[in-house]
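Heads up, the thing below is written out as structure tokens.
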Amino acid sequence: MVPPGGRSARGLLERASQLAQALPALCSNSDLAVPSPFSFDPIGVVHSPFRERSSAPRQASVARDARGTIELFAGRGYEDALEGLDAWDYVWVIFVFHKNVEEGRGWKPKVLPPRSDAKRGLFATRSPHRPNPIGLSAVKIERVEGLFVHVRQLDVLDGSPVLDLKPYVAYADAYAEARAGWLETPDPVVAWEIAFAEPAAEQLEWLRANGIDLQGSIEATLALGPQPHAYRRIRPHGGGMRLALKEWRVDFVAESRRIVVTSIRTGYRAKQLASDAAPEVHRAFSARFPDPT
């Protein structure tokens with residue numbers, strides 16, 4: 001079966017194995033012996049509507065309507081290994097941030113999280129840029145069919161290699177009394193109300209139909225407010241403001257504590273759109289929704 005992205009599971013297996021072998025060595029204190037690197041063999045791959053980092057939700061909890069599948073590789077006895085998983089509501093997915101590996105993105109000891117006004121130690125955050133590019137996400141199980149686990153509340157990029165699946169056990173995995181560090185307050189930022197004008201809603205629907213879902217990322221980013229931040233590339237534009245989400249530009253206006261998204265634009269220039277320098281989806285989007293400026 002060929003996944004929605006058009007890449008075969010066999011091809012993804014080969015690429016996933018290469019990515020897993022690229023995981024950095026485990027680190028320890030300088031006066032201790034450093035263990036030898038470990039090589040992991042992925043068990044499967046994620047098929048997701050999110051093909052760009054800019055379109056993926058920051059947390060599974062804000063991706064309630066996002067659906068996808070986890071395909072395990074054939075010929076390894078995983079059909080039997082999946083027996084009984086459908087009796088659970090949620091499953092932990094341990095995966096590789098493969099885009100970070102492919103693009104050679106490193107990590108920094110201190111990072112500035114979206115909900116913080118100050119830099120924090122990397123290990124006190126959930127930043128995807130880590131010494132070992134491993135992700136962890138709890139997703140809701142809808143059903144299990146053969147080697148496919150159908151899930152929702154998915155916040156993982158399409159093509160992500162899967163290292164393991166473990167059932168979410170509520171009494172063991174949830175600690176209601178646990179401290180929350182620098183997020184100790186119920187929510188350090190009071191969320192802004194987000195609305196979409198009709199032109200923006202039409203553009204988002206077109207993008208969804210073409211494999212790019214920006215709405216979750218827009219809502220999660222702008223809910224923190226219209227002010228610029230290291231994770232919010234915002235600047236004045238025309239009579240309002242413009243948010244940069246990777247290759248896309250989101251125009252909006254803010255009043256009181258309400259933000260209205262007025263339109264979506266490509267981040268590519270006209271000269272790039274007239275050539276192969278811009279991806280096909282950006283050229284098609286610009287033809288369908290010409291920029292009036």
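Along the sequence shown, residues are numbered consecutively beginning with 1. Below, all heavy atoms of this structure are taken into account, side chains as well, without hydrogens, waters or symmetry copies. Note that the coordinates shown come from a computational prediction; the quantities given were computed from them, not determined experimentally.
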Charged N-O contact under 4.0 Å between R76 and D41: yes
Salt bridge flag under 4.0 Å for residues R258 and E255: no
For the backbone of [Y] and the side chain of [X], can you confirm whether one donor and one acceptor N or O come within less than 3.5 Å of each other?
{"X": "N100", "Y": "P128", "value": "yes"}
{"X": "S275", "Y": "A277", "value": "yes"}
{"X": "S48", "Y": "V156", "value": "yes"}
{"X": "S286", "Y": "R283", "value": "no"}

Between side-chain atoms of residues 170-178 and protein atoms elsewhere (two or more places apart, or another chain), which donor-acceptor pairs fall under 3.5 Å?
| unit_1 | atom_1 | unit_2 | atom_2 | d |
| --- | --- | --- | --- | --- |
| D173 | OD2 | W92 | NE1 | 2.8 |
| D173 | OD2 | V169 | N | 2.9 |
| Y175 | OH | A172 | O | 3.0 |

Spatial distance of atom [atom1] ([X]) from atom [atom2] ([Y]) [nearest 0.5 Å]:
{"X": "D158", "Y": "H98", "atom1": "CG", "atom2": "NE2", "value": "7.0 Å"}
{"X": "L243", "Y": "R249", "atom1": "CG", "atom2": "CZ", "value": "9.0 Å"}
{"X": "I94", "Y": "S160", "atom1": "CD1", "atom2": "OG", "value": "13.5 Å"}
{"X": "L165", "Y": "L85", "atom1": "CG", "atom2": "CG", "value": "6.5 Å"}
{"X": "K140", "Y": "R67", "atom1": "NZ", "atom2": "CZ", "value": "10.5 Å"}
{"X": "I70", "Y": "I43", "atom1": "CD1", "atom2": "CD1", "value": "8.5 Å"}

Flag if over 12 foreign heavy atoms under 6.0 Å of CD, E280: yes
Residue pair S263 / D251, side-chain donor-acceptor N/O under 3.5 Å: yes
Under 4.5 Å between side-chain heavy atoms, counting indirect links through other Ile/Leu/Val/Met/Phe/Trp/Tyr residues: same cluster for [X] and [Y] or not?
{"X": "V101", "Y": "I134", "value": "yes"}
{"X": "Y268", "Y": "V250", "value": "no"}
{"X": "L207", "Y": "L273", "value": "no"}
{"X": "V162", "Y": "Y78", "value": "yes"}
{"X": "I194", "Y": "L214", "value": "yes"}

Between [X] and [Y], what is the shortest heavy-atom contact and its length?
{"X": "I259", "Y": "A254", "result": "CG1-CB, 4.0 Å"}
{"X": "G106", "Y": "H129", "result": "O-CB, 3.6 Å"}
{"X": "I141", "Y": "V151", "result": "CA-CG1, 4.4 Å"}
{"X": "I264", "Y": "Q203", "result": "N-OE1, 2.6 Å"}
{"X": "V139", "Y": "L154", "result": "CG1-CD1, 3.9 Å"}
{"X": "A74", "Y": "L147", "result": "CA-CD1, 3.6 Å"}

R143/D86 under side-chain contact (heavy atoms from CB on, under 4.5 Å): CA gap, chis, key distance, verdict: CA-CA 6 Å; R143 65 187 185 280; D86 56 358; over 6 Å; no
Do the side chains of [Y] and [X] get nearer than 4.5 Å, heavy atoms only?
{"X": "I218", "Y": "F196", "result": "yes"}
{"X": "E142", "Y": "Q153", "result": "no"}
{"X": "V281", "Y": "W206", "result": "yes"}
{"X": "W192", "Y": "L224", "result": "no"}
{"X": "Q272", "Y": "H282", "result": "no"}

T266/E247 under side-chain contact (heavy atoms from CB on, under 4.5 Å): CA gap, chis, key distance, verdict: CA-CA 6 Å; T266 176; E247 297 88 0; 5.8 Å; no
Ring geometry between F95 and F97 (parallel below 30°, tilted from 30 to 60°, perpendicular above 60°): perpendicular
